[in-house]
Amino acid sequence: MASGPMEQFKIEREADLFEIAGQTVSWTNSSFWMVVSVVLIIGFFILTMRGKLIPGRMQSMGELSYEFIADMVRDTVGPEAMRFMPYVFAIFFFILFSNLIGMNPYAFTTTSHLAVTAALAIFTILMVMVAGIFKNGLGWFKIFAPSGLPLPMYLIIIPIEIISFLSRPVTLAVRLFANMVAGHVLLKLFAIFAAFLLAKGGITSVGVILPVVGTLGIVALEFLVAALQAFVFAILTCVYLNDVYHVGHH
Amino acid sequence: MAAETIPQSGDHAAEASAVGLPQLDLSTWTSQIFWLALTFAVLYFALSRFILPNLRNTLANRSDRIADDLDSATRMKVEAEEAEKAFEESLRSARAKAANVAESTRQSLDAEIQSELDAADADAEREADIAEARIREIKTAALSNIDAVASDVAGTIVSQLTGKTVTKAALTAALNKA
């Protein structure tokens with residue numbers, strides 16, 4: 001009750017480790033939960049690696065996850081993009097597990113920090129650019145100039161395409177970050193309000209039922225958002241990977 | 001109550017202005033990005049080197065196995081169809097053979113019956129001829145006896161009535177005239 005709605009996003013410095021270019025790298029609660037997330041993902045999938053002809057429950061979950069991401073990559077980009085499938089797989093499950101871990105009380109939501117979402121988004125876009133130029137040479141820049149337009153239109157279209165390309169990492173980062181922050185702030189506000197009503201005592205404590213029901217609803221919604229945002233990030237990664245393979249038909 | 005809440009919210013305001021949004025505290029970014037890069041790299045390595053190839057192999061093995069099973073099922077179906085065809089073929093030939101046997105048996109039986117009938121007919125005809133010949137013999141014999149008897153009777157009647165004996169030749173001539 002004493003903490004404000006933003007308190008939950010505070011990064012607790014546990015130990016300073018070393019310095020890179022004058023910046024201190026520390027072990028923090030965020031680092032701890034990133035490690036937890038990766039350990040849980042790897043542990044989960046090691047449990048699914050049975051390799052049986054007739055899969056059990058765990059193996060089925062692993063195979064369904066594989067098919068889910070493989071179909072996503074195949075349907076959005078094409079079979080030639082399967083070499084990026086591990087990256088999309090890692091993005092999806094890293095964000096999914098981080099979001100879901102963040103739903104637990106006392107856990108820290110690593111994806112609620114702009115530093116993390118921006119790093120993921122910028123790395124994704126840079127990867128698309130590097131792979132695109134590596135594969136298509138300078139012809140890759142044709143993605144900014146869709147073919148088959150009258151010449152004067154390019155004066156308008158090319159700046160628009162460049163702006164839309166540059167806004168991709170921004171939207172990718174902000175969408176995930178804002179969704180996570182908004183959900184957790186809302187949850188905290190409802191919970192604080194419930195505690196506040198209860199602390200008032202008397203007849204107002206009966207009204208606590210409203211924020212509690214609201215909190216329950218938001219918890220359900222936040223689980224949906226946690227999965228949905230992971231899916232959105234993964235599928236947008238696939239959509240952007242399209243620019244690596246299909247420069248012509250933009 | 002109000003006295004309690006006001007300093008509390010004041011605390012929050014002071015805290016917020018001192019720290020700002022925790023997300024915008026740039027001093028934490030280096031640590032976050034460092035640990036993100038490290039953990040994500042470990043995750044990517046584990047996924048791309050061990051976990052995903054394993055899942056891919058399992059899925060590929062299964063689809064191979066299913067394709068093999070489907071192939072052998074198709075082959076067995078073809079074999080079953082061939083066996084059925086051969087069975088029907090042998091059934092048809094057996095049926096034809098049976099029909100042949102029945103037909104030839106019937107023909108030979110017919111021929112036998114016919115020859116026996118012919119033989120029986122011939123026997124009957126021969127017997128009938130013999131009987132007819134005998135009848136004819138008896139008839140002529142009887143007829144000739146009648147003449148003799150008649151002349152005897154007529155001679156006797158004449159001798160009884162007239163007391164004269166009549167020659168046989170005269171009797172016969174008289175009878176033949178009558």
Side-chain angles (χ1 to χ4, degrees), chain A residues 2-4 6-11 13 17 19-21 23-28 30-32 34-35 37-39 41-42 45-46 48-55 59 62-63 65-67 69-70 85-87 89-91 93-94 110 112-116 118-120 123 177 181 196 200, chain B residues 1-70:
Chain A
S3 55
M6 290 299 165
E7 195 82 357
Q8 55 180 320
F9 303 119
K10 197 154 175 265
I11 289 191
R13 227 171 257 227
L17 300 177
E19 290 201 352
I20 300 173
Q23 298 283 322
T24 314
V25 171
S26 328
W27 176 255
T28 66
S30 169
S31 333
F32 172 72
M34 284 182 198
V35 171
S37 167
V38 166
V39 166
I41 298 169
I42 294 176
F45 281 106
I46 282 176
T48 71
M49 283 172 27
R50 302 281 164 85
K52 284 200 199 120
L53 191 65
I54 297 155
Q59 199 185 324
E63 286 172 7
S65 311
Y66 183 94
E67 292 284 339
I69 302 292
M85 189 256 179
Y87 180 74
F89 199 96
I91 281 277
F93 280 97
F94 186 80
T110 53
S112 68
H113 270 259
L114 193 55
V116 171
L120 287 175
F123 182 79
F177 153 72
V181 169
F196 172 75
K200 276 280 196 185
Chain B
M1 286 288 174
E4 268 177 31
T5 43
I6 287 166
Q8 228 174 23
S9 59
D11 278 356
H12 282 161
E15 205 176 74
S17 61
V19 182
L21 264 177
Q23 283 88 343
L24 298 181
D25 180 5
L26 291 180
S27 68
T28 65
W29 279 45
T30 319
S31 298
Q32 288 193 64
I33 293 169
F34 172 81
W35 284 106
L36 172 68
L38 191 68
T39 52
F40 196 81
V42 169
L43 174 64
Y44 181 82
F45 181 77
L47 285 175
S48 65
R49 285 296 151 85
F50 302 107
I51 292 165
L52 294 180
N54 178 289
L55 287 171
R56 183 165 52 237
N57 283 344
T58 310
L59 289 168
N61 285 345
R62 182 170 315 134
S63 62
D64 281 359
R65 175 71 183 268
I66 288 170
D68 281 358
D69 285 358
L70 282 178

K.L.:
For each of B:Leu52, B:Thr30, B:Asn57, tally heavy-atom pairs with chain A at distances under 4.5 Å, and name the one with the top tally.
P.N.:
B:Leu52
K.L.:
Can you tell if the side chain of B:Leu36 reaches within under 4.5 Å of the side chain of A:Phe94, non-hydrogen atoms only?
P.N.:
yes
K.L.:
Are the side chains of A:Trp27 and A:Val35 in contact, using a 4.5 Å heavy-atom criterion?
P.N.:
yes
K.L.:
Please classify the contact of B:Leu59 with chain A as side chain, backbone, both or neither, using a heavy-atom distance under 4.5 Å.
P.N.:
side chain
K.L.:
Between A:Phe93 and chain B, with a heavy-atom cut-off of 4.5 Å, which part of the residue counts as in contact: side chain, backbone, both or neither?
P.N.:
neither
K.L.:
Among side-chain atoms of A:Thr28 and A:Ser31, is any donor-acceptor pair under 3.5 angstrom?
P.N.:
yes
K.L.:
Begin with the C-alpha distance, continue with both residues' side-chain angles, and end with the deciding distance and a verdict on side chain to side chain contact (heavy atoms under 4.5 Å, CB included) for A:Phe123 and A:Tyr87.
P.N.:
CA-CA 11 Å; A:Phe123 182 79; A:Tyr87 180 74; 3.3 Å; yes
K.L.:
Under the 3.5 angstrom rule, does the side chain of A:Glu63 hit a backbone N or O of A:Pro55 as a donor-acceptor pair?
P.N.:
no
K.L.:
Quick one: what part of B:Thr39 sits under 4.5 Å from any heavy atom of chain A, side chain, backbone, both or neither?
P.N.:
both
K.L.:
Below 4.5 Å from any heavy atom of chain A, which atoms of B:Arg62 appear? Answer side chain, backbone, both or neither.
P.N.:
both
K.L.:
I'd like to verify something: which residue of A:Gly62, A:Ala119, A:Ala90 has the highest number of heavy-atom pairs under 4.5 Å with chain B?
P.N.:
A:Ala90
K.L.:
Quick check on A:Ile91 against chain B: is it the side chain, the backbone, both or neither that has a heavy atom closer than 4.5 Å?
P.N.:
both
K.L.:
B:Tyr44 and B:Phe40: ring pair (Phe, Tyr, Trp, His ring centres under 6.0 Å), yes or no, with the steps?
P.N.:
CA-CA 6 Å; B:Tyr44 181 82; B:Phe40 196 81; 7.1 Å; no
K.L.:
Select one option (side chain, backbone, both, neither) describing which atoms of A:Ser65 are under 4.5 Å from chain B's heavy atoms.
P.N.:
neither
K.L.:
Against chain A, label B:Leu43 side chain, backbone, both or neither, depending on which of its atoms sit under 4.5 Å from a heavy atom there.
P.N.:
both
K.L.:
A side-chain contact here means heavy atoms from C-beta on lying under 4.5 Å apart; do B:Trp29 and A:Leu114 qualify?
P.N.:
yes
K.L.:
Give me the ring orientation class for A:Phe9 and A:His113: parallel if the planes are under 30° apart, tilted from 30 to 60°, perpendicular past 60°.
P.N.:
perpendicular
K.L.:
Name the region of A:Leu53, side chain, backbone, both or neither, that has any atom closer than 4.5 Å to a heavy atom of chain B.
P.N.:
both
K.L.:
Under a 4.5 Å heavy-atom cut-off, does chain B meet the side chain of A:Ser30, its backbone, both or neither?
P.N.:
side chain
K.L.:
Side chain, backbone, both or neither: which part of A:Val181 has an atom under 4.5 Å from a heavy atom of chain B?
P.N.:
side chain
K.L.:
Heavy-atom pairs under 4.5 Å with chain B: which of A:Ser37, A:Ala115, A:Pro86 has the most?
P.N.:
A:Ala115
K.L.:
Check A:Val116 against A:Met34 and note the closest heavy-atom contact, atom names and distance.
P.N.:
CG2-CE, 3.6 Å
